[in-house]
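Heads up: the structure comes next, in structure tokens.
A, B, ... follow the sequence lines: proteins, then strands. Residue 1 opens every chain.
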Amino acid sequence: MNFLINAVLKGIKQLYNEDVTESVINIQDTRKEFEGQLTIVVFPIIKYSKKSPEATASDLGEYLVEHVEEVVSFNVVKGFLNLSIANHYWSDLFNNELLDPTFGTFKPNGKRVMVEYSSPNTNKPLHLGHVRNNLLGYAVAELLKANGYEVYKVNLVNDRGIHICKSMLAWQKWGNNETPESACLKGDHLVGKYYVIFDKEYKKEIESLKQEGQTEEAAKKNAPLIKEAQKMLVDWESGNKEVISLWEKMNSWVYAGFDVTYKNLGVDFDKYYYESNTYLLGKGTVEEGLEKGVFFKKEDGSVWIDLTEDGLDQKLVLRADGTSVYITQDLGTAQMKYDDFNMDQSLYVVGNEQDYHFKVLFLILEKLGKTWANGLRHLSYGMVDLPSGKMKSREGTVVDADDLIAEMVVTARQKTEALGKVNNFPEEEKENLYYQIGLGALKYFLLKVEPKKRLLFDPSESIDFQGNTGPFIQYTHARIKSLLSKANYTKQPTVNTMDLLITETDLIILLSKYPIEIEAAAKAYSPAMLSNYLYEVAKLFNKFYHEVPPIVKEEDNQQKQFRLNLSSVTAHVLKAGMSILGITVPERM
RNA sequence: GCAUCCAUAGCUCAGCUGGAUAGAGCAACGGUUUUCUAAACCGUAGGUCAUAGGUUCGAAUCCUAUUGGGUGUACCA
């Protein structure tokens, strides 16, 4: 496209004797209803031409046809100059760039980025909200990798605190030494079960205290169970052996359970951090802030920062008794992560209910003069809601991650079997295929929506397998693979003199945008952008596939080779792009 | 109250830094298989881009206000 921009710049210079910047040149795809492939919007140029849009477009059109070999003809519609570009330009572009094995890959850019995602609590199993987080985090990490970043995926596990003590206490009281083995339950589900039991019993206590005349607030504080849980937390912090060993045991159950879910989701981490190791961090940072005068101390000894000038509030960073709050830890953890990895950028994949927290966190670090603070980003995403409202673990109104995955695989099996195309596949391949398709549908469903938008999930309406879906793209890939193998395809460039169908040039143009899309999606931290692009590619390929006569039987060898090349590049783009989204594409289905 | 995000077809969503008559999928209706995979393709129908102003040659896109919804505004994490 650069040849065109330069030519237009030269044209403006020659026609109107004006030097203009590139930003004046606005090139876009020609709309389907007009002739041509590329369109120049001339409105920004009329300032310099001092002529009407139509006259300017004609001037430029004539100039380009005369001086630029690739431009064969033009037409003008209002202020739009539509250009027909020579076939050989597209053929050359295809042969030289798209067919190159390195097409769509980026060289290392020397930048490091950390992506923190998942960050589960160890008192309950993962649900649909976590699934969105995990898929998003993984995909963004892969997207950055594809752009040449050196990426570290980290998981900061919230493995301590009052919520875990609740599960522990309930297990102690009502668990009868139940284990995942004895209960035949995944460890995270077993621990989650006791979290729910705690809540039920706790509520009972609150009710009876209220009947005795206490207010709701007082009852919540005075219930024996919550007091016991609080005592357990104190015992944990003071290193009580019994409590610690119970904590270790139950956490290990949970981790075993999480590992299974992570494996099924296909996500992974380069490093785990645990809050039990980091919860005391940050006090040094508070000291530092006091010395620098960024923080101030109130009479009771609590430490604050005043952010009112930045449109925020006063924010506590250390309690009067010297203990930490959430943001204290995060200040310390941010410093530690930077010390560990020395990264240029750090992404926190966390739900949008923490927008305010991260705004404050980043602002504080900036005020503390941390040079790395401007590389911090909160990748905020919307909640996943059910038609009935918000998911709540304590009340059991959640879509469980493991259940959902299992359901998706079952649905994939049913749909695949109903089509009857895989009956002769080996059993193992079939199982793997159902898993690929089920997960592909789920992942694509969650990733195709812009992260910041909230997502409504209706469990009664199953996730689609047709149209703008993961399986559609997987199917397109499998179809191409089958075509290539039937044709005994080997890659080889073709001559550039043959005629191209409109759909073929369209496909070349769309495919050639793959690197640009990868770059734009990474810049926006948006797997959704990539998803939608891949869908466009698959759709256009299917149109092409239906339009041309059977390629395998094509007698013109150059024609046949070109169409196979085109199919092959399409398959390559689909596979590479889907892989960034964490979705595998089958060879056949 | 204040802050912040969202609002596009019946439903789920695209629409990049403002560009032509706002696009897909699902659902509905009709069609395509003696030819490479019909999880596909083609067509019909479906819109006051929440509302009202403003900026501009040009606004779904930018600005302001209003309405509706989400989230936050804890010495919880």
Output field: ring centroids A:Tyr475/A:Phe472 closer than 6.0 Å: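 No, they do not, as the ring centres are separated by 6.0 Å or more.
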Proximity of A:Trp247 and A:Tyr274 rings by center, below 6.0 Å: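 Between A:Trp247 and A:Tyr274, the centre distance exceeds or equals 6.0 Å.
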Categorize [X] for me: base, sugar-phosphate, or nothing, with a 4.0 angstrom heavy-atom threshold over every strand shown.
X        : result
A:Lys78  : sugar-phosphate
A:Tyr535 : sugar-phosphate
A:Thr476 : nothing
A:Phe472 : sugar-phosphate

Nearest-nucleotide pick for [X], side chain only, options being [options]:
X        : options             : answer
A:Tyr475 : B:A77, B:A40, B:G69 : B:A40
A:Thr30  : B:U73, B:C76, B:A20 : B:A20
A:Glu353 : B:G72, B:G69, B:A40 : B:G72
A:Phe43  : B:G19, B:C36, B:U8  : B:G19
A:Lys453 : B:G19, B:A20, B:A14 : B:A14

Given A:Phe362, A:Tyr356, A:Phe358, A:Tyr117, the one that forms ring pair (Phe, Tyr, Trp, His ring centres under 6.0 Å) with A:His378: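 That would be A:Phe358; it is the only one of A:Phe362, A:Tyr356, A:Phe358, A:Tyr117 passing the ring pair (Phe, Tyr, Trp, His ring centres under 6.0 Å) with A:His378.
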Short side-chain donor-acceptor distance under 3.5 Å, A:Thr39 and A:Gln28: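 No, no side-chain donor-acceptor contact under 3.5 Å.
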Residue closer to the 5' end of RNA chain B, A:Gln28 versus A:Leu456 (nearest nucleotide):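 This one resolves to A:Leu456.
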Basic-acidic side-chain contact under 4.0 Å: A:Lys452, A:Glu450: no
Value in whole Å for how far the P atom of B:A39 lies from NZ of A:Lys481: 20 Å
Range-with-range stems of RNA chain B (Watson-Crick or G-U pairs under 3.5 Å, three or more in a row): B:1-7 with B:67-73, B:10-13 with B:23-26, B:28-32 with B:40-44, B:50-54 with B:62-66
